[in-house]
Amino acid sequence: EADRCAQLASALTQRAGAKSVAVLSWYNAQVAELRKRIQQQPGCESLHVGSVVTAQGSEWDYVLLSTVRSKGSADPNGQAVARGERDRDSDRRIPALGCLADRHLLNVAVTRGRLGIVVLGSP
C-alpha cells in the first residue's frame, strides 16, 4: 500500500504540483513509512504527508488517504473476523475498522480534498 501510495503521489504531483496534494493516514507508523517512500519520489519532497489529525483546517486539491486496513483473519466460512457490533438478524459480529470509529476524524479525512480523494486499503 505504501509503495502504491508513493506512485500515485508522484503522478498527482506531476500533474497538480506538490502543494496541491496531501497524503494522510490515521496511524503514525504509516505516516512515517509513507513519508520515507514519498520523499524518494522526484518532485514530492515538499508534499504534505501527515496524520488525519494534522489535516484539520487544511485543504488540498487532491488527498490520498491510506487506511492501512485489511480484512484480517477469516472464520472457516470465509467471513472476516474482527471486533465490532453484532448483526441484529444473524447475531454474527460485523467487522469494525478502528480508523472509522471516530466519525469526526472520518469526516476530516474525506473532506480535505477539494477536487478528489483516493482511498487506499485492501478489500
Side-chain angles (χ1 to χ4, degrees):
E1 183 179 314
D3 285 334
R4 184 67 179 136
C5 191
Q7 293 168 353
L8 289 170
S10 178
L12 274 173
T13 298
Q14 289 175 12
R15 293 178 182 229
K19 297 292 183 189
S20 298
V21 181
V23 177
L24 305 175
S25 181
W26 275 270
Y27 306 100
N28 292 331
Q30 181 71 353
V31 169
E33 184 64 28
L34 290 167
R35 188 173 287 130
K36 180 177 77 173
R37 293 180 193 221
I38 289 170
Q39 288 176 346
Q40 296 171 355
Q41 299 289 325
C44 292
E45 298 82 12
S46 62
L47 184 77
H48 177 84
V49 181
S51 71
V52 172
V53 173
T54 66
Q56 293 187 67
S58 299
E59 283 187 325
W60 297 269
D61 289 340
Y62 301 98
V63 169
L64 299 173
L65 181 61
S66 175
T67 61
V68 198
R69 300 306 292 187
S70 180
K71 276 173 123 177
S73 306
D75 69 15
N77 297 320
Q79 297 296 318
V81 176
R83 289 189 311 244
E85 297 179 14
R86 292 205 179 269
D87 180 35
R88 292 181 199 182
D89 297 326
S90 68
D91 199 37
R92 189 180 55 133
R93 286 206 179 272
I94 300 171
L97 295 177
C99 59
L100 302 180
D102 185 331
R103 290 181 180 175
H104 173 72
L105 287 180
L106 176 60
N107 182 60
V108 169
V110 300
T111 59
R112 299 303 95 190
R114 289 185 288 259
L115 301 176
I117 181 172
V118 177
V119 179
L120 295 111
S122 63

Q: Any idea which heavy atoms bring Val23 and Ala9 closest together, and the distance?
A: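 Closest pair (atom of Val23, atom of Ala9, distance): CG2-CB, 4.1 Å.
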
Q: Tell me if a side-chain donor or acceptor on Arg112 pairs with a main-chain N or O of Ser58 at a distance below 3.5 Å.
A: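 A pair under 3.5 Å: yes.
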
Q: How far apart are the closest heavy atoms of Ala55 and Val108, and which atoms are they?
A: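 Result for this residue pair: C-CG1, 4.3 Å.
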
Q: Drop me the distance from Leu64's CG to Leu12's CG, to the nearest 0.5 angstrom.
A: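 Here the interatomic distance stands at 5.5 Å.
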
Q: Which atom pair, heavy atoms only, marks the closest approach of Lys19 to Trp60?
A: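 Taking Lys19 first and Trp60 second, the nearest heavy atoms are O-CD1, 3.5 Å.
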
Q: Taking all non-hydrogen atoms of both residues into account, name the closest pair between Ser51 and Asn28 and its distance.
A: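 Shortest heavy-atom contact: CB-OD1, 4.3 Å.
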
Q: Could you note down all residue pairs passing salt bridge (Lys or Arg N to Asp or Glu O under 4.0 Å) where residues 21-37 supplies at least one of them, sequence neighbours left out?
A: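 Output for this query lists Asp3-Arg37, Glu33-Lys36, Glu33-Arg37.
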
Q: For Tyr27 versus Thr67, what's the shortest heavy-atom pair and its separation?
A: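 Shortest heavy-atom separation between Tyr27 and Thr67 comes out as CE1-O, 3.6 Å.
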
Q: Heavy atoms only: give me the nearest Leu105-Gln56 pair and the separation to one decimal.
A: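 Heavy atoms only, the tightest pair is CD2-NE2, 4.0 Å.
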
Q: For a side-chain contact (heavy atoms from CB on, under 4.5 Å) with Leu24, tell me which candidate from Val63, Val53, Ile117 qualifies.
A: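 Option passing the side-chain contact (heavy atoms from CB on, under 4.5 Å) with Leu24: Val63.
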
Q: Tell me every residue that passes side-chain hydrogen bond (donor to acceptor under 3.5 Å, both in side chains) with Ser25, counting only those two or more places apart in sequence or in another chain.
A: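 Testing Ser25 for side-chain hydrogen bond (donor to acceptor under 3.5 Å, both in side chains), a comparison that skips the adjacent residues, returns none.
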
Q: Donor-acceptor pair, Ser20 side chain versus Ala16 backbone, under 3.5 Å?
A: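 Side chain of Ser20 to backbone of Ala16: a pair is present.
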
Q: Just wondering, do His48 and Thr54 contact through their side chains at under 4.5 Å, heavy atoms?
A: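 Yes, at least one pair of side-chain atoms sits under 4.5 Å.
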
